[in-house]
Amino acid sequence: MDEKYLFNVKKGETLHIVDQDGTYDQDLDPGIPEETLLKMYRMMVLTRTYDEKAIKLQRAGRMGTYPPCSGQEATQAGSVFALKKDDWLVPSYRDICSMITLGISMKDLFLVWMGDDNGNRIPEGINSLPINIVVGSQLLHATGFAWAANIKKENIAVLTYVGDGGTSRGDFHTSLNFAGVFNVPAVYIIENNGFAISTRNKQETHAETLAQKALSYGIRGCRVDGMDVIAVYVAAKEALDRARKKEGPTLIESLCYRFGPHTTSDNPDLYRTKEELEKIMSKTDPVVRFKNYLIKKGIWDDKKESSLQEEAGDLVNKAAKEAEETPPPKFEELFENVFGNMPDYLQDEIDHYRKVSGGE
Amino acid sequence: MPMMNNIQAVNDALMYEMEKDKSVMVLGEDVAQIGGVFRGTSGLLDKFGSERVVDTPLSENGIIGTSVGLALNGMKPVAEIQFSGFIYAGYDQLVSHASRLRQRSMGRFHVPLVVRMPNGGGVRALEHHSESYETIFIHVPGLKVVYPCTPSDVKGLLTSSIRDPDPVVFLEHIKLYRSFREEVPEGEYTVPIGKGRIARKGKDVTIVAWGAMVNVSLEAAKKLEQNDIEAEVIDLRTLKPLDKGIILDSVKRTGRAVIVEESQRISGYASYLSAIIGEQCLLYLKAPVSRVSGYDIKFPLYRLEEKYLPGPESVIHAVNNIMSF
C-alpha cells in the first residue's frame, strides 16, 4: 500500500478522504476516472431506490421480510468496484448494493424477498455465491474458496462481508484464523453499522475497535470511514491487490450506520431515538456525500441528478413488476436440486406430491 | 488380492483417488504429519504434499466451513472429523450450507464434499468418543450417509463418495477399524452408494443392520442356526439414500424383521425402517417388526459400555420373541 494510506490500526485510526460536503483530501484522493465515479454513484442511487421500493412493497404486503441496506451503500459499492473480473463475491443478506453493483439483476433480488428460490440462482458468468442468511457463516466459505485459489494457482481474490454482530460468532474467529494460517487471498469487510439488530457495539465486544482483531490473527487490518465510498474503494482495492499477489488476507472495519430497521420485521424505535437517526442521516449519508463530491469535482449537477433519480425509479419499478409477474417455480424443481442425481425416494416423493395435489 | 482391515481400506481408497484426481484433497486435525489419530491418512502427505494433505487448525466448524468453500471452488475435499462426537461444532456448516448450497442456488453450485468420521463404541474410549448419532445426518435433506462394515465396502464406498457430486457423511466404525481383515480388490474399485448387500442368506427372519451391528447380527445368526432358525442378514452399507428394495424383498420372503441399531431407540433409524416395512409389507408379516437399539442415555464410560451396546444375545432375544409370536 502507498505509505500515505497506512494507518495505525492499534490507535484506531480511520481512513477518510471525502467530507460530507464533498470536500476531499487532494493528497489522498486516488483520482478514479470520471466514468467509473459516475457508475459507482449510479449503483448507489439504484440501490437506495431499490431499498425504498422494497420497504414499500413489504409494507403493502407484496413482499416478504426484507433487510434494508441504506447507509451501507458506500461500503458495498466502494469494495465491489475494487474487484477484478475473475474475483468472487461472498455476500451476506444485507449486501444488496454489492450484488446490484456486481451485476445481479434487481428482479432476481426482488424474487428472493418475494419468496422465490429462483431469485438465488446467480446466473452463470456472475462470480457470486447466493445470499447467505446465517450471520457470519459465509466467512468460512470465502476462506475456503480463496484457499482453493491458492491450491489451483489461480490469481483471484475473494471479497466477503460480515456485520458487527457477526464478529462475535465462532465463524468469524475460525475464518480469520484459517485465513492467516493458509494465507488465503480474501478480504473480509466488517460492515460496522452500529447494531446487531438492537445490540450496540459495546455489548458485542470489549475491544476498542473491530479492526484490531486482525492483529490477533497475524493478518492486515485497517479501518475506514464507511460513509466515504472513495475511502472504502482505496482500502478495498489495496487489500484485494495484495490478496491477488498472495501477500495475505485483510480485515477491514468499515464504519457505517444502518438507516433502516434490521429487517422490515424490526422496530428500531425500541433501541434508538429518531433524533439519533436524523442527526446521523443528515450528517453522514453516503449517497449525499458522494453526490457532493461529484459536484465538487464538477462532473455532476441537479439536472443529471434528477434524470438519474427518474431513471432509477423506472428501473426499480420495472424490476419489481417483472418479479411480481414471474410465476413461482414448479414445486418439483425443488426436488431436482437436492442432489446431482435424483435418488428414487425423491422421485417417490414427487409422485406422491403429484397424486395429492391432483397433478398440478 | 491384498488383505486389508478397514483403516487400511480407507487409506487405499484415498491413495488411489488422490493419485487419479488432482482436485481431491484431505484436511482435518492431525491428518497430515501423523496420518490421523487412527492413521487413515498415513503416507498421504509424503506422496501428495502439504497443499493437498493439510493439518488444519483445531476447529470442526472451520474444517467443514472451509471445505464448503474449497468445494465450491473446484476442490474435492475429504475432511476428517477426529471423532463423530466432535462434529456438533461443524454440524451448523454441514446442515446450513453443505447440504443446501445446491438447493439454495437452484443448481448453480454444488458441494462435492466427503466428511469422514469415526463413529460408534466398543473400544473403551473416553466420553464423546463412542456415540452413534447417524440419525442426525440422515434427517438432513441434501446429505448422503454411508456406513460400511467390511474392508471391501469401505474402499468401494469411500471411492464412490469422493466421486459423488454432493456431500457425503462417511461413517467409519471405530471398533471395526482393526477388528478383521479380508481380501480387498486392488486399484480401481467402487461400490455404488445406495445399495445394500445380503451378508447372509436365510428364510425365517430378516435382520437389518449397519456398521458394527452387521457383525453382531451375523454372530447372532450363526447361533440361531443351532436352533434351526435361518436368519437373513442385510448390511445396508448406505443409510441414505436407502436401499428400500433389498429390505422389502427380504421381508416379503421371510415374513419377519428385526432391525438392529447401535444408536438410541427414540427416533432412531430403526423406527423409520420399521414404519416402511409396516406400510409396505403388512400382509406378508407373520409378527410385528422388532427393534434392537441402544438406550436413551448418554453413552456410558467404558466399564458399562458392553451393557449399552446391543450384542448377539439382544438380537437372538428379539428373533426368538417374534418367532414365537
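Lettering follows sequence order; numbering is per chain, from 1.
For the pair R104(B) and D117(A), the salt-bridge criterion is not met [side-chain N within less than 4.0 Å of a carboxylate O].
The candidate with the highest count of non-hydrogen atom pairs below 4.5 Å against chain A, out of R108(B), M25(B), Q103(B), R100(B), is R108(B). Contact tally against chain A (heavy-atom pairs below 4.5 Å) for T56(B), L70(B), N73(B), T66(B): the top residue is N73(B). Contacts with chain A were tallied for K240(B), R52(B), K22(B); K240(B) has the most, counting heavy-atom pairs under 4.5 Å.
Of the atoms belonging to L27(B), it is side-chain heavy atoms, and not backbone ones, that fall under 4.5 Å from chain A. Residue D55(B) touches chain A through its backbone alone, counting heavy-atom pairs closer than 4.5 Å. Heavy atoms of V181(A) lying under 4.5 Å from chain B belong exclusively to its side chain. Of the atoms belonging to L143(B), it is backbone heavy atoms, and not side-chain ones, that fall under 4.5 Å from chain A. Contact annotation for S96(B): only side-chain heavy atoms (C-beta onward) come within less than 4.5 Å of a heavy atom of chain A.
Figure legend: K244(B) and Y345(A) shown without cation-pi pairing, the cationic atom not lying both under 6.0 angstrom from the six-membered ring centre and within 45 degrees of its axis.
Closest approach of N61(B) and G170(A) over heavy atoms only: ND2-C, 4.0 Å. When all heavy atoms are compared, the tightest approach of F178(A) to S59(B) is CE1-CB, 4.1 Å. Closest heavy-atom contact between H97(B) and V134(A): NE2-CB, 4.2 Å.
A donor-acceptor pair is defined here as one N or O able to donate and one able to accept, closer than 3.5 Å; such a pair exists between the side chain of D166(B) and the backbone of G340(A). Remark: the backbone N or O of M106(B) is paired with a side-chain donor or acceptor of R121(A) at under 3.5 angstrom.
For residues 145-161 of chain A, the interface with chain B (any heavy-atom pair closer than 4.5 Å) comprises F145(A), W147(A), A148(A), A149(A), N150(A), I151(A), K152(A), K153(A), E154(A), I156(A), sorted by residue number. Residues of residues 78-95 of chain B placed with any heavy atom under 4.5 Å of a heavy atom in chain A are listed by number as D92(B), Q93(B).
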